[in-house]
Each structure stands twice: as structure tokens, then as C-alpha cells.
Amino acid sequence: MSWAALLGLLAGLLLLLLLLSRRRVRRPGEPPLDPGSIPWLGHALEFGRDAASFLTRMKEKHGDVFTVLVGGRYVTVLLDPHSYDMVVWEPRTRLDFHTYAIFLMERIFDVQLPHFNPSEEKAKMKPTLMHKDLQALTEAMYTNLHTILLGDPTDVGSGWHETGLLDFAYNSLLRAGYLTLYGVEASPRTHESQAQDRTHSADVFHTFRQLDLLLPKLARGSLSVGDKDHACSIKGRLWKLLSPARLATRADQSSWLESYLQHLEEMGVSEEMQARALVLQLWATQGNMGPTAFWLLLFLLKNPEALAAVRAEFEHILWRSEQPLSQMTTLPQKFLDSMPVLDSALNESLRLTAAPFITREVMVDLALPMADGREFSLRRGDRLLLFPFLSPQKDPEIYIEPEVFKYDRFLNPDGSEKKDFYKDGKRLKNYNMPWGAGHNQCLGRSYAVNSIKQFVILLLMHFELELSSTDTEFPEFDLSRYGFGLMQPEHDVPIRYRIRQ
Ligand code: HEM
């Protein structure tokens, strides 16, 4: 290397060091600033290792609003649930949900949609998850859960099966959810076509699950070289499984899928990119239901009183029902809506295990008014983060013994849903936020809740299911998953199940 090149390189390095060590200065009116001690990286390592512990530590140090440096980005964290509404109802032009979502879409799923207009997409997709279409999805889900759980004649009556609870719940819900949204082998269904549905959906699940396990590292860009090759080959396999050409041969597709494919066609997206977008959607729609059902079942299995209460409620509804459940091809919405005990247990389980980051990009310099009258200035280009998992969901001022599962926490003494929770003597609007809130609240929540309840009902009706060992401990969380939705356990929990005789 010549002297000139060496000097140039040194000068470049010096300039980079200078830029990295140039510290941002907190301006009057801005939240407390904590850039950490490592230039550029800031708190990235601690944040990635265990975001909940890190944010708890920062809250103790700075209060419920502060700005931290994380991997080159300044992130303002807001942890006052009374003030969340000021964020989640802001218009996109000020606080934008999609910029970060598009970044993740590209980084994790390699999806680039040139003329992507998120508002237009949302306007098209929203109706396909509501009203008549919601009813069609719920009915299809019930049929498909049947196919997966009860359809295989070699399973019926063949004694106890040993498996992991996460694997069982995730497997059942993702496969049935996939068949519901992406279609089945044939309509009307035959024994053969249902057997093919089981084989094909198992292939989709097992391939998807390998990608799901790599997701936190993919999102943080921290895959090893070996993992990168693995991720590439899994994605390639999923793109083939979900290619538009392959989907075109499937029957009984949801109107959600039809609308989404039409939307991609109208944007002129290539078939290859369509397949990638369909894999992204598989994760967005199916990545949380299985883990939700896992935690709910685990809490019920570990709390005999809660399980007995859910079972008693279910038996009471059966007793009042005009038609025997075994003759129903679907569970009417009225039936699903009259289970406040199961609703409360589900909400309680979600309170303890749903930990999404609610992230918004700050699009313009703006003032953030807090519910208590304080006001903070936010800078354009920064990121704003709400973490409802810490507050309200695990906040001891709101919930007595917040770490404990109490199946009736969301029930009033008269059996109706409890909705009044308080902090600082003031009633909270957002007291449990597994679905987010405001403009970007989850569009699939009714379908997800219906599906999980149907799954639990089918288990209560047709299966004996128990923990393999009575002293099974609760598994720790996989700490790398904070921010992605439902937490997953560090390891699975052994169970056994058999068809009720
Ligand atoms: C237990 C299952 C689920 C959980 C816990 C969950 C949770 C969430 C959360 C936290 C958000 C983001 C809110 C925000 O950042 O403000 C979200 C958004 C969304 N969810 Fe879900 N979700 C679930 C299942 C589903 C299903 C089954 C579907 C569709 C079939 C779905 C469709 C969507 C869509 C389309 C959005 C984006 C809304 C927008 O663009 O404004 N979700 N979900």
C-alpha cells in the first residue's frame, strides 16, 4: 500500500472515530438522555440480551420517559400507560408505524415492494378479517383444527402420545391457520385430500419453525455465517412451498389471501417477490397464536382451580345449548362470546407473556404531551418506543402480585368482564395491550381469539392432556424475543395426551 493510501485510510479512521465519539447533547425540553458508554453502539448489547431488564433499569434511573442510544439510533422510551394514547392515535405524518415495519420486512424476509402504500394495503385487507369474512374464517378454522387434531385415524384411540406443549400448540394452530388462510388441497374434502392437508401443512410448519427460531438474530443482523446459510436455505424452501403458482392449485382460499394476491398483482410485484411477501404474512398472521395457546394451556395445567373453572363454564354452555356440540360443524360466535372465564384466563395469560415493542418513527420535530401535564420534545429521525409489558402489564401499582397468574383477574364478582384498573388513582384506558392500541391495533385479534378458544374447546372435548411430570417448573423466557410479540419459552414442556375414550 502506498503512503498516500495509508494516510488516507488513517484519516478516514480518525474521522470515523471523531464522528462516533461526537456526543449528542440533550436540548431543553427533551427527555433524559443516556447514550451509554460505547460510541455508536450505545446500549445495543444489553438491550438485545434482555430488553425488559435493561428498560427496567433505565426506568429506575430516569423515570418513565428517557432517550437511549441503541446501535446508532436514538430511541425515546415511554413507559407511562396513561400517556400511551397520545402516541397511538397520532397521525402517520407525525408518528409512523410503517417505517420500522418496512425495515424489518426487508431485513428478515427479503421483501421489497416498490410501490408499497401501507394505508392502501390496510384499507383493502381490513374488511377481509371482519364481519362476514371473520365468520367464514372462524368456521374454516374449526374444520381445519378438526382435520389436524382428530383427522388422522392412526392417532385416534392409540393410547398416550408424548410431546412438547409448545410443539403441540404451535403445530396445531399454525397448520390449521395456514389451511384456513392459504387454502386446502380439495373442495369438497375427501379422506385423501385431508391426509394431504396434514402432510403438506406439517411440512410448512416444520420449515417455518426453523426460520422462526432464527428470527431475533435475523432482525438484529447478528447471524453467524453458518446460520446465514441455514436461513437462506429455509427461506428458499418456504418461498417454494408458498409460491403463487403452488397456491393457485389450492381450494377454499380465504378472501384475505385473494385480496392480498390481487393487491400484489396491482402493484406489479413479481411472482418471486409475491412468494416472499406470502412467507412474511405467514409469520405476521400465525407467529403469535401458537405461543399464546402454549402459555394459556400451561397456566391452566399448572392451576387446577383455573382449569376446573374453565371446564365448568364450558360444560354449562354445553348443557344450555340446543344442539349437541358433536353435531355442530362450527361453533357459533354467540357460543364463543359467552365464555367470560376463558376470556379472563386468556387475557391474564397474555398479560404475562405478550411483550411486543410498539414502535413509531418520529417524522417531524414534535412535542409529546404527557397525561400528567409534562411535555417532552421529540426529534425528527428518532424512534419512539412503548413497552406495555413493563407497564401496564407487569406494573405492581396496577396489578396485585403482577407475576402471579390469576385466572379471574379480569372478572367482576358478578361474572362480567372487569375493565376498571387504576394507576396513580386514575382509571386506565390501556390496562392490557397484547394487541397494541390505537390506529395500528391488531386487525386479526378477533380471528386469533376465536381460533385459540376453538382450540381449547376441542382439547377439552376430545382429549385428556396432562403435564408429563407433576413438578414441571415454568420454563424461563427466551430473553432474545422481547419485542417480537409473544414470548417463547427457553425450552419446551413435556406433556402427554390421548383421545378421550
Ligand atoms: C395471538 C395472536 C396475535 C397477537 C398477540 C397479535 C399482536 C399484534 C400487535 C402487537 C400488533 C402491532 C400493534 C402496534 O404496533 O401498534 C399487531 C398488528 C397487526 N396484526 Fe396482529 N396479532 C396476532 C394475530 C394476528 C392475526 C391472526 C392476524 C391476521 C390474520 C393479525 C394481523 C395483524 C395486522 C394486519 C396488523 C397490522 C395493523 C396495522 O397495520 O395497522 N394479527 N398484531
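Atoms within a ligand are numbered from 1 in the order they appear, just like the ligands themselves.
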> In Å, rounded to the nearest 0.5 Å, how long is the span from CG of L150 to CD of Q194?
Replying inline: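 One gets 11.0 Å once the value is rounded to the nearest 0.5 Å.
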
> To the nearest 0.5 Å, what is the distance between CG (L465) and CG (L165)?
Replying inline: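 Atom-to-atom, L465:CG and L165:CG are 6.5 Å apart.
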
>> Looking only at the side chains, is there a donor atom on one of E266 and Q262 sitting less than 3.5 Å from an acceptor on the other?
In response: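 Yes - a donor-acceptor pair under 3.5 Å links their side chains.
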
Looking at side-chain heavy atoms only, is the closest gap between [X] and [Y] below 4.5 Å?
X	Y	answer
Y84	K429	no
L384	T359	no
Q454	M141	yes
T138	L134	yes
L78	V87	yes

Using a heavy-atom cut-off of under 4.0 Å, does the side chain or the backbone of [X] touch ligand 1, or both, or neither?
X	result
N288	both
L486	side chain
L350	neither
P356	side chain
H98	side chain

So which heavy atom in the protein is nearest [atom], and how far is it from that ligand atom?
atom	answer
atom 35 (C) of ligand 1	L443 CD1, 3.9 Å
atom 1 (C) of ligand 1	T292 OG1, 3.3 Å
atom 25 (C) of ligand 1	C442 SG, 3.6 Å
atom 28 (C) of ligand 1	G444 CA, 3.5 Å
atom 27 (C) of ligand 1	T285 O, 3.1 Å

> P434 near ligand 1, heavy-atom distance under 4.0 Å?
Replying inline: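 Yes, that is the case, since the closest heavy atom of the residue is under 4.0 Å from the ligand.
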
> Looking only at heavy atoms of R92, does any of them come nearer than 4.0 Å to an atom of ligand 1?
Replying inline: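 No, R92 has no heavy atoms under 4.0 Å from ligand 1.
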
Return a yes/no value for [X]: is any of its N or O atoms, backbone included, closer than 3.5 angstrom to an N or O of ligand 1?
X	result
K122	yes
N440	yes
R360	yes

>> Which option wins on minimum heavy-atom distance to atom 3 (C) of ligand 1: Y100, F97, F484, W435?
In response: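 Nearest option to atom 3 (C) of ligand 1, by heavy atoms: W435.
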
> Just one of F387, F389, Y482, F484 clears the ring-ring contact (aromatic ring centres under 6.0 Å, His included) bar with F357, so which one?
Replying inline: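 The ring-ring contact (aromatic ring centres under 6.0 Å, His included) with F357 is passed solely by F387 among F387, F389, Y482, F484.
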
> Does a salt bridge link R276 with E106, judged by any charged N lying under 4.0 Å from a carboxylate O?
Replying inline: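 No salt bridge links R276 with E106.
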
